[in-house]
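Notes for the one structure printed next.
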4 protein chains.
Amino acid sequence: MTTPDTHRRQRRKDARPAELAAAAMALFVEKGFAATRLDDVASRAGVSKGTLYLYFDSKEALFRSVIEESIVPMIGEVEAMVERLGDDPVRLLRALLEFWWAQIGSTHLAGTCKLMLCEAGNFPEVAMYLNERVIGPWHMLLNRVIEAGMTKGVFRQGNPESVRQMVFYPLLMQAVWQCSLPVCSSARPMPENYFDTFFDVLFRGLLVEPSEETQR
Amino acid sequence: MTTPDTHRRQRRKDARPAELAAAAMALFVEKGFAATRLDDVASRAGVSKGTLYLYFDSKEALFRSVIEESIVPMIGEVEAMVERLGDDPVRLLRALLEFWWAQIGSTHLAGTCKLMLCEAGNFPEVAMYLNERVIGPWHMLLNRVIEAGMTKGVFRQGNPESVRQMVFYPLLMQAVWQCSLPVCSSARPMPENYFDTFFDVLFRGLLVEPSEETQR
Amino acid sequence: MTTPDTHRRQRRKDARPAELAAAAMALFVEKGFAATRLDDVASRAGVSKGTLYLYFDSKEALFRSVIEESIVPMIGEVEAMVERLGDDPVRLLRALLEFWWAQIGSTHLAGTCKLMLCEAGNFPEVAMYLNERVIGPWHMLLNRVIEAGMTKGVFRQGNPESVRQMVFYPLLMQAVWQCSLPVCSSARPMPENYFDTFFDVLFRGLLVEPSEETQR
Amino acid sequence: MTTPDTHRRQRRKDARPAELAAAAMALFVEKGFAATRLDDVASRAGVSKGTLYLYFDSKEALFRSVIEESIVPMIGEVEAMVERLGDDPVRLLRALLEFWWAQIGSTHLAGTCKLMLCEAGNFPEVAMYLNERVIGPWHMLLNRVIEAGMTKGVFRQGNPESVRQMVFYPLLMQAVWQCSLPVCSSARPMPENYFDTFFDVLFRGLLVEPSEETQR
DNA sequence: CATGAATGAGGTTTCATTCAT
DNA sequence: CATGAATGAAACCTCATTCAT
């Protein structure tokens, strides 16, 4: 009794909220929440403005929903990383960061990071929630690895907070930056050997060691 | 002829634009451009809404002026850093970054960085201008130091772009983050030994060297 | 598929711009452009303020549109008069003026004349445009008839500009005056024999001719 | 005790209100009442905005005062014309109209006529007052002359209202027009022989009489 | 379900008016 | 007297939200 047309329609209907959220996400990331007009969201999604209200109660609800939907995969990613916990802090740290970049930093989820940064002041509860569910656990994870490395004597002693920023913020900033300035020159794609240099310097230091020096 | 009162009034009038710009800056950084109401700017500055229009043609002009006024000192800071150029890449790089943090990252100019990140999409010309006058020169400066260090064989070989991000983005992100989340837990003051760890890891690497290892 | 209701709605929507323009026209004529509030335009048209902006970009655009829409019929009228050009200057001149009064001077298009007079200083481009498209052609038309009459020896020789004003300005001023002072006593309807006297005096002069004098 | 300087100051002070009124008049005529900003009035008069309030209670009071000051000389002119009443309707009518043009239509008082036309709707009491004190008497005057001419058998019989408009409106419209469109081409100075043609046609008609025709 | 015309609260902007100097 | 910075009511304009179709 359900014709293929009905099927297609059904699929369309089910996909609607996600389509709308995706359109909203793109514009929220590009312009910010307040500067985004629902007119624009609707026309980007190819629907009428009224349709938005069939799926979302308000602009703010749309925003929360967009964030919400981004959070679920993020939580998933972070938890997936927890699974990977192994013994070698070096390999583990590298794996975590590369995984973060592959699954978040270089994907459309990077936009959520930008939104977090830009809109946290206007949506403190959202920020708190995100902080609790995603940022916190992620920081915990990094901290555990870093501190484990220090405890094991593999990593240099020091302020773990400082270390966490050093290992993570370059990636985070790069991700956010690419959302912000697709127009500027900085939007060039990540260079091939970015991570090679990154981890080389991170683990072995910027300075050439005496032993290496003699090798040259 | 000029009574003290006249003086006070004159001083008031001369100071007005800066006062208004400061109030606007604070709110723009906190809420973003679009979400900031001129009513709020005015009442934060302790004047009426109309007064804003005695000094700025429009909300957008106010924004541009705020950025403009932030740029001048930034250019000054960057140029001041150029003066410091010496021969030792290690000391120089550390000096540059500590200076940036002291003069920009930890001051109210950090807000300009956040604005840049958040509003670049809505004010592309402003972003281009800033990019040209401040960001570009600053990147050049870092690049020169990094490349000089590599050429001299003091710094490990690698992608300079990657290195630049590693040395600068943790500071930049920290600065922006503190603007965004005065409400969240991350707003705690920079720990005492942040920079010690930062440069220790940066220059010598996260890994404990074999020679050090034996010392423990 | 289209119910009568749909029809009515459609008709309503199509008619909206004209309804709004009519309401605006009436108030612009009555109060002038600057003194007319869009609130008043909206409530006279029976819509809310925001509705105006669905159809017109700004108050000025509304004004221009109102004028624009008045110009089209005016051009039509003037061109219709050109068609009437015949050989007898006397009958032709009378026909033109009576036609102008019937189609413009005594209709709502008279308001456009008042607007032209009152707002020309504030909308010089609009004035120039009207001058080019309507006023100029109309003056040309009158001039041609007047000069043809003079050339043929039917009309007394004299400054055609002066004659044109004599034949047209009483009608124009009467039209404008009735827009301006519906409140004053002058708003009484045109007397029955207005045109009889008008053309009698115009063609034969105010003075009683000697031959007539003897008839009394 | 009164130095020359004091004298000059005194004269300046006494002249102030008239200077301000003159500046206001010019702008009211050019832009209309509502579109005229007191800022512009003040700067045209070379004083500060506050100074206006030393001499006039409000913008409307300024407007009324401007009109008021124009009325007095107008009343004077009209009364001066009454004095001239003689016996010959032809000479009298011509004298009245030429006098009106010389003393009002071609002077800055023409602006008052434009204001009357444009602002009557916004200031009905002012319009009524003007109507009572100036327009009415002036119309009476013309009517008396016209009717006297008709009674004496010098003027052709007809609707006096119509005749009054024919003799006066061309001049009035010309006066107003020159206020409205200093920008348009119509602002050319009155042609030399304007009045010659005007009265020739007015008294003897547009048509060439048979007797004249043979003279040609 | 989907539409888009209509709404009106709330933002930006203007400017007549005031008042300390 | 004269000033002009400051005010705030009221205008213009925007856009999230509603609802008849």
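To find a chain, count down the sequence lines: A is the first, B the second, and so on, and within it residues start at 1. What you see is a predicted model, and the numbers here were worked out from it, not measured in a lab.
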Write down the protein N/O and nucleotide N/O pairs, taken from nucleotides 12-14 of chain E, whose separation is under 3.5 Å; answer none if there are no such pairs.
{"from": "E/dT12", "atom 1": "OP1", "to": "B/Thr36", "atom 2": "O", "distance (Å)": "3.4"}
{"from": "E/dT12", "atom 1": "OP1", "to": "B/Lys59", "atom 2": "NZ", "distance (Å)": "3.0"}
{"from": "E/dT12", "atom 1": "OP2", "to": "B/Leu38", "atom 2": "N", "distance (Å)": "2.9"}
{"from": "E/dT13", "atom 1": "OP2", "to": "B/Tyr53", "atom 2": "OH", "distance (Å)": "2.3"}
{"from": "E/dT13", "atom 1": "OP2", "to": "B/Lys59", "atom 2": "N", "distance (Å)": "2.9"}
{"from": "E/dT13", "atom 1": "O5'", "to": "B/Tyr53", "atom 2": "OH", "distance (Å)": "2.9"}
{"from": "E/dT13", "atom 1": "O4", "to": "B/Lys49", "atom 2": "NZ", "distance (Å)": "3.4"}

Rounded to whole Å, CZ of A/Phe56 lies from P of F/dT17 at a distance of 13 Å
B/Lys49 meets the salt bridge (Lys or Arg N to Asp or Glu O under 4.0 Å) criterion, sequence neighbours left out, with B/Asp39
Stem ranges of DNA chain F by first residue number, counting only runs of at least 3 Watson-Crick or G-U pairs under 3.5 Å, come to E:2-21 with F:2-21
From CG of C/Asp40 across to C1' of F/dA10 the rounded distance in Å is 12 Å
When rounded to whole Å, the CZ to P distance for the pair B/Phe63 and E/dG11 reads 19 Å
Taken to the nearest whole Å, NZ/B/Lys31 to C1'/E/dG11 is 14 Å
Residue pair C/Leu54/A/Thr51 against DNA chain E: nearer the 5' end by closest nucleotide is A/Thr51
Residue set satisfying ring pair (Phe, Tyr, Trp, His ring centres under 6.0 Å) with A/Phe63, at least two apart, ordered chain then number -> A/Phe28, A/Phe33, A/Phe123
Side chain to side chain contact (heavy atoms under 4.5 Å, CB included) filter on C/Ala18, not counting sequence neighbours, yields none
When rounded to whole Å, the CG to C1' distance for the pair C/Leu52 and F/dC12 reads 11 Å
Sequence neighbours excluded, the answer for side chain to side chain contact (heavy atoms under 4.5 Å, CB included) partners of A/Ser58 is A/Glu60, A/Ala61
For C/Glu69, the side chain to side chain donor-acceptor pair (under 3.5 Å) test, sequence neighbours excluded, returns none
Next on the checklist: Measuring only between side-chain heavy atoms, which start at C-beta, is D/Glu30 closer than 4.5 Å to C/Asn122?
Outcome noted: no
Atom CZ of B/Arg16 and atom C1' of F/dG4 are separated, to the nearest Å, by 13 Å
Residues at least two apart in sequence or cross-chain that pass side chain to side chain contact (heavy atoms under 4.5 Å, CB included) with D/Ala26, listed by chain then number, are D/Arg44
In short, salt bridge (Lys or Arg N to Asp or Glu O under 4.0 Å) pairs touching residues 115-127 of chain B with sequence neighbours left out are B/Arg64-B/Glu125
